[in-house]
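Data first, discussion second: the structure below is written as C-alpha cells.
These numbers were taken from a predicted model, which means no experiment stands behind them. Values reported hereafter were calculated over all heavy atoms of this structure, with side chains retained and with hydrogens, waters and symmetry mates removed.
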Amino acid sequence: MTVFQKHRGQILFVAGALAALAAGWRAFPVLRFQRVPQPVAFSHKIHTDKAGAKCEDCHSLRDDGAWAGIPAMDKCSGCHAQPMGTSAEEKRFIDGYVTPGREIPWQVYSRQPENVYFSHAAHIKLAHLDCRQCHGAQGESDTLSPARVDRISGYSGSPHFQNMDACEDCHRQRGAANSCLACHK
C-alpha cells in the first residue's frame, strides 16, 4: 500500500480545503462590493475644457473651512437652465433634475466609518495638495466611475480615491502626523 493510498482521504480533504480557501479568497472581495452607477452621465472633461471650470468652482470649502462636497443643483442650473447640447442624456438631465429643481442623488465615493475624520481644508490650505494628488485624473475624465459600495458595511470608495495605506505613505513622505488619532476619532 502506497502513502497516497494510505492517506488518500486526508490528502483529498486538504486539497479540497485549500481549493475552497483559494476560491473564497478570490471571490469574497468580488461578492462583497457592488458597483453602483452614477445617476447622471457627467463629464469633468467637458466642464474643464469647454466651460473652463476648475475643481474649486464646483467642489469648494465653506467659510468655516468644512468641505462643501458635491455641488447643489443651483450650481448646475446656472449654466444648464436650457440644454447645452442635443444629446438624449442632456435632455434627461434637464427634464429630470434642472427643470423640477430636483437634487441629483449622486453616489458618494467616500462614505467612511464614523470614527474616521478627514479634512479637505487641512490638505488643501495647509498641505497645499492639488486635487490630482489624491483623486488622480478624475477631473479630466469623460465619465464618472461607479461607486464601489461595501454590501456589509455600506462604506464606499472608488478606484480614484485613496485608501488608508496610501494616506499613511503620503503622511510619512511629508513628515505629517501619522498616529491613529491624526485621522481617527
Side-chain angles (χ1 to χ4, degrees), residues 1-48 55 58-59 67 69-70 87-89 92-93 96 103-124 127 129-185:
M1 180 178 263
T2 67
V3 174
F4 177 75
Q5 290 172 330
K6 186 175 179 184
H7 299 287
R8 183 175 184 264
Q10 293 169 332
I11 292 170
L12 290 175
F13 174 78
V14 169
L18 289 174
L21 281 171
W25 191 268
R26 188 78 172 130
F28 182 70
V30 173
L31 296 173
R32 181 176 170 194
F33 293 96
Q34 64 180 334
R35 294 172 58 89
V36 182
Q38 294 294 348
V40 172
F42 180 85
S43 170
H44 279 101
K45 187 176 179 86
I46 288 174
H47 288 81
T48 56
C55 299
C58 297
H59 305 285
W67 184 242
I70 298 169
S87 72
E89 187 58 37
R92 190 175 82 74
F93 171 65
E103 293 296 328
I104 302 168
W106 294 110
Q107 294 297 319
V108 178
Y109 289 129
S110 57
R111 183 165 291 123
Q112 297 298 314
E114 289 293 319
N115 70 331
V116 174
Y117 173 75
F118 179 83
S119 168
H120 272 94
H123 290 82
I124 294 168
L129 294 180
D130 182 75
C131 301
R132 286 173 199 81
Q133 288 178 271
C134 298
H135 296 282
Q138 179 74 13
E140 300 158 14
S141 66
D142 265 326
T143 59
L144 293 176
S145 58
R148 199 170 157 253
V149 180
D150 186 318
R151 294 175 197 262
I152 298 170
S153 67
Y155 304 143
S156 62
S158 162
H160 299 288
F161 295 88
Q162 302 297 324
N163 59 30
M164 186 169 143
D165 292 336
C167 295
E168 286 178 330
D169 290 344
C170 184
H171 276 224
R172 197 174 340 336
Q173 291 166 5
R174 293 174 170 273
N178 215 6
S179 71
C180 297
L181 294 177
C183 303
H184 294 275
K185 300 177 201 173

Measuring from atom [atom1] of [X] to atom [atom2] of [Y], what distance do you get when rounded to the nearest 0.5 angstrom?
X: I104; Y: F42; atom1: CD1; atom2: CZ; result: 8.5 Å
X: Y109; Y: I70; atom1: OH; atom2: CD1; result: 9.0 Å
X: H59; Y: C131; atom1: NE2; atom2: SG; result: 8.5 Å
X: Q133; Y: I124; atom1: CD; atom2: CD1; result: 11.0 Å
X: H123; Y: C167; atom1: NE2; atom2: SG; result: 6.5 Å
X: M164; Y: H171; atom1: CE; atom2: NE2; result: 11.0 Å

Residue list, ring pair (Phe, Tyr, Trp, His ring centres under 6.0 Å) with F33, at least two apart or on another chain: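 F33 satisfies ring pair (Phe, Tyr, Trp, His ring centres under 6.0 Å) with no residue once adjacent residues are dropped.
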Partners passing ring pair (Phe, Tyr, Trp, His ring centres under 6.0 Å) against Y155 (at least two apart in sequence or in another chain): none
Exercise: identify the closest heavy-atom pair between [X] and [Y]:
X: Q107; Y: P37; result: CG-O, 3.6 Å
X: F93; Y: V40; result: CD1-CG1, 4.0 Å
X: D142; Y: S43; result: OD1-OG, 3.0 Å
X: V149; Y: S156; result: CG2-CB, 4.1 Å
X: R132; Y: E140; result: NE-OE2, 3.0 Å

Set of side-chain hydrogen bond (donor to acceptor under 3.5 Å, both in side chains) partners for E89, sequence neighbours left out: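 Testing E89 for side-chain hydrogen bond (donor to acceptor under 3.5 Å, both in side chains), a comparison that skips the adjacent residues, returns R92.
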Pairing residues for R32 by the side-chain hydrogen bond (donor to acceptor under 3.5 Å, both in side chains) criterion, not counting sequence neighbours: D150
F13 CZ: over 12 foreign heavy atoms closer than 6.0 Å: no
Would you give me the side-chain donor-acceptor pairs under 3.5 Å for residues 173-185, sequence neighbours excluded?
| unit_1 | atom_1 | unit_2 | atom_2 | d |
| --- | --- | --- | --- | --- |
| N178 | ND2 | E168 | O | 3.2 |
| K185 | NZ | E114 | O | 3.2 |

Under the salt bridge (Lys or Arg N to Asp or Glu O under 4.0 Å) test, residues paired with R151 that sit two or more places apart: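 If we apply the salt bridge (Lys or Arg N to Asp or Glu O under 4.0 Å) test to R151, skipping adjacent residues, there are no hits.
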Note, Q38 side chain near T143 side chain (heavy atom, < 4.5 Å): no
